[in-house]
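Data first, discussion second: the structure below is written as structure tokens.
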Amino acid sequence: MDPIKNPFSPGAGSPPPELVGRDPVLQQARILLGRTKAGRSEKCMLLTGLRGVGKTVLLNEIDRLAESEAYYTINIEAHEGKPMGPLLAPHLRRLLFELDRVAGAGDKAKRGLAVLRSFIGAIRLTVGDVDIGLDIEPEKGTADSGDIEVDLPDLIVAVGDAALERSRPVALLIDEIQYFSQKELGALIMAMHRVQQRQLPVVLVGAGLPILPGLAGESKSYAERLFSFPDIGALSEADAARALQDPAQAANVAFEGAALKEIFRLTKGYPYFLQEWGYQAWNQATTSPITDDIVRGATAIVIRRLDENFFRVRFERLTPSEKNFLRAMAALGPGPYRTGDIAEMLGVKVSGLGPTRARLIRKGMIYSPAHGEMAFTVPLFDEFMIRAIPDFDPR
């Protein structure tokens with residue numbers, strides 16, 4: 001079949017041809033946006049889930065929903081080791097200039113720019129040179145302490161005041177939010193707390209790994225009252241079938257039932273993998289329908305692509321001790337895994353795993369679903385580790 005007409009889109013954050021199984025989350029987002037725009041309080045959202053479940057796709061869809069409701073949107077991705085201040089400042093500069101150009105009385109946007117100038121001056125002192133071309137006098141005494149937990153709430157409130165004056169709500173969307181430091185995450189939570197107390201038209205929708213609720217709670221104990229944490233998981237078998245069948249049918253192609261079952265067995269319903277198998281199965285088929293034999297023939301290609309791209313890029317960031325830790329997890333079979341069993345597999349004391357475990361959590365490779373347990377943040381990574389290190393000697 002024509003590969004140019006292939007409807008499937010494997011890729012990081014690539015929108016699928018059919019977004020299925022996510023209606024409750026999108027409806028929650030619509031309510032958040034609608035109530036905030038109307039001046040009513042509503043919990044902001046922090047989406048959590050493993051890699052490959054479509055958190056970035058949902059974040060982008062919520063961005064589109066916000067724009068359709070006349071929100072000014074800021075969509076950014078946090079990075080490991082990159083401070084929050086320099087990441088946010090250029091986007092807030094553009095936002096405040098945009099608000100300043102809107103016709104209407106008042107000077108809240110100009111004040112917001114002055115507060116932003118103060119904020120930039122403070123972060124220049126703490127993280128090095130930051131130059132975003134803001135030629136305006138700072139507002140002394142506001143957002144200029146150099147303490148992100150003091151300055152960020154002042155800045156976001158100034159942005160919210162400008163947004164309220166201009167009747168232009170603001171949606172802040174942040175992907176990979178778990179990469180912010182505990183102090184930065186705490187500052188963001190404090191800022192949104194202040195915004196909600198004042199009923200300013202600013203919403204935060206973030207996305208991160210399953211460790212995010214714990215990180216938020218550790219940063220500020222009231223986070224669970226300020227945010228909801230929708231769990232974005234794998235699709236059900238019925239939704240997985242729709243994600244494959246509906247776009248194929250739109251192109252006058254069908255999947256046999258056995259093919260759909262085989263793909264679900266292989267992917268366990270994870271959206272990224274569904275796109276990979278759908279894409280390769282389409283390219284391997286010569287005519288409709290796509291059969292389970294075609295799916296099995298495509299599987300070797302999919303596994304190779306995943307190993308070379310999706311999995312390998314994470315594997316190469318690991319130290320030898322981290323690779324051994326993850327290989328020991330994989331050797332224990334399907335997770336989650338008891339920390340004591342991992343230690344026994346490696347022939348060390350549980351206390352000896354602490355530094356490696358902490359590094360792997362910081363790198364976003366594992367998380368703790370329950371006390372004393374570990375699990376992979378990347379679906380099917382256990383199978384990859386066995387392929388990557390076939391001859392494993394844990395001792």
Side-chain angles (χ1 to χ4, degrees), residues 1-22 49-61 175-176 207 209 232-251 253-286 288-317 330 334 364-365 376-388:
M1 292 186 292
D2 188 351
I4 295 175
K5 295 180 180 179
N6 191 328
F8 301 104
S9 306
S14 298
E18 191 75 22
L19 186 59
V20 300
R22 305 307 190 201
L50 303 181
R51 302 285 186 194
V53 296
K55 299 186 299 297
T56 302
V57 169
L58 278 172
L59 209 58
N60 290 335
E61 183 63 23
D175 204 1
E176 303 287 7
L209 294 174
I232 312 303
L235 298 178
S236 67
E237 186 167 2
D239 283 337
R242 280 186 56 210
L244 294 165
Q245 191 77 287
D246 289 2
Q249 285 179 342
V253 174
F255 280 86
E256 285 188 348
L260 294 172
K261 286 184 177 297
E262 177 66 4
I263 292 177
F264 184 76
R265 183 187 71 80
L266 292 163
T267 64
K268 299 178 173 61
Y270 287 103
Y272 179 84
F273 301 134
L274 288 170
Q275 293 300 307
E276 282 281 5
W277 258 275
Y279 180 84
Q280 292 301 333
W282 175 286
N283 287 345
Q284 293 301 303
T286 56
S288 178
I290 297 173
T291 66
D292 57 334
D293 285 339
I294 291 170
V295 170
R296 282 192 287 270
T299 294
I301 300 172
V302 175
I303 295 297
R304 185 175 69 249
R305 279 170 53 98
L306 290 174
D307 285 359
E308 292 174 352
N309 300 293
F310 186 77
F311 295 131
R312 181 67 60 177
V313 68
R314 292 165 172 83
F315 182 79
E316 295 299 340
R317 297 172 59 233
M365 295 302 303
F376 288 101
T377 61
V378 182
L380 310 187
F381 203 78
D382 55 336
E383 298 175 16
F384 165 75
M385 287 301 303
I386 293 171
R387 293 192 297 271

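What you see is a predicted model; the values in this text were computed from it and never measured.
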Could you tell me the separation between the [atom1] atom of [X] and the [atom2] atom of [Y], rounded to the nearest 0.5 Å?
| X | Y | atom1 | atom2 | answer |
| --- | --- | --- | --- | --- |
| Met1 | Asn283 | CE | CG | 8.0 Å |
| Arg51 | Phe310 | CZ | CZ | 8.0 Å |
| Glu262 | Ile294 | CD | CD1 | 12.5 Å |
| Leu380 | Lys268 | CG | NZ | 5.0 Å |
| Glu383 | Leu306 | CD | CG | 10.5 Å |
| Arg242 | Leu260 | CZ | CG | 13.0 Å |

Where do [X] and [Y] come nearest, in terms of heavy atoms and distance?
| X | Y | value |
| --- | --- | --- |
| Ile232 | Val53 | O-CG2, 3.4 Å |
| Asp293 | Arg296 | OD1-NH2, 2.6 Å |
| Leu266 | Val295 | CD1-CG1, 4.2 Å |
| Ala248 | Trp282 | CA-CZ3, 4.5 Å |
| Gly21 | Asp239 | CA-OD2, 3.4 Å |
| Ala281 | Ile290 | CB-CG2, 4.0 Å |

Test side-chain contact (heavy atoms from CB on, under 4.5 Å) applied to Phe8 and Gln280, step by step: CA-CA 9 Å; Phe8 301 104; Gln280 292 301 333; over 6 Å; no
Test item: Arg22 and Leu235 side chains (from C-beta on) under 4.5 Å apart, heavy atoms: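 The answer is yes, as the side chains (C-beta and beyond) meet within the 4.5 Å cut-off.
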Main-chain N/O of [Y] paired to [X] side chain as donor or acceptor, under 3.5 Å:
| X | Y | result |
| --- | --- | --- |
| Lys55 | Leu50 | yes |
| Asn6 | Tyr279 | yes |
| Glu276 | Pro10 | no |
| Thr377 | Gly364 | yes |
| Gln245 | Phe255 | yes |

Step-by-step salt bridge (charged side-chain N to carboxylate O under 4.0 Å, His left out) determination, Arg304 to Asp307: CA-CA 5 Å; Arg304 185 175 69 249; Asp307 285 359; over 6 Å; no
side-chain contact (heavy atoms from CB on, under 4.5 Å) assessment of Lys5 paired with Val253: CA-CA 11 Å; Lys5 295 180 180 179; Val253 174; over 6 Å; no
Residue from Phe315, Phe381, Phe311 passing ring-ring contact (aromatic ring centres under 6.0 Å, His included) with Phe376: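 Answer after filtering Phe315, Phe381, Phe311: Phe381.
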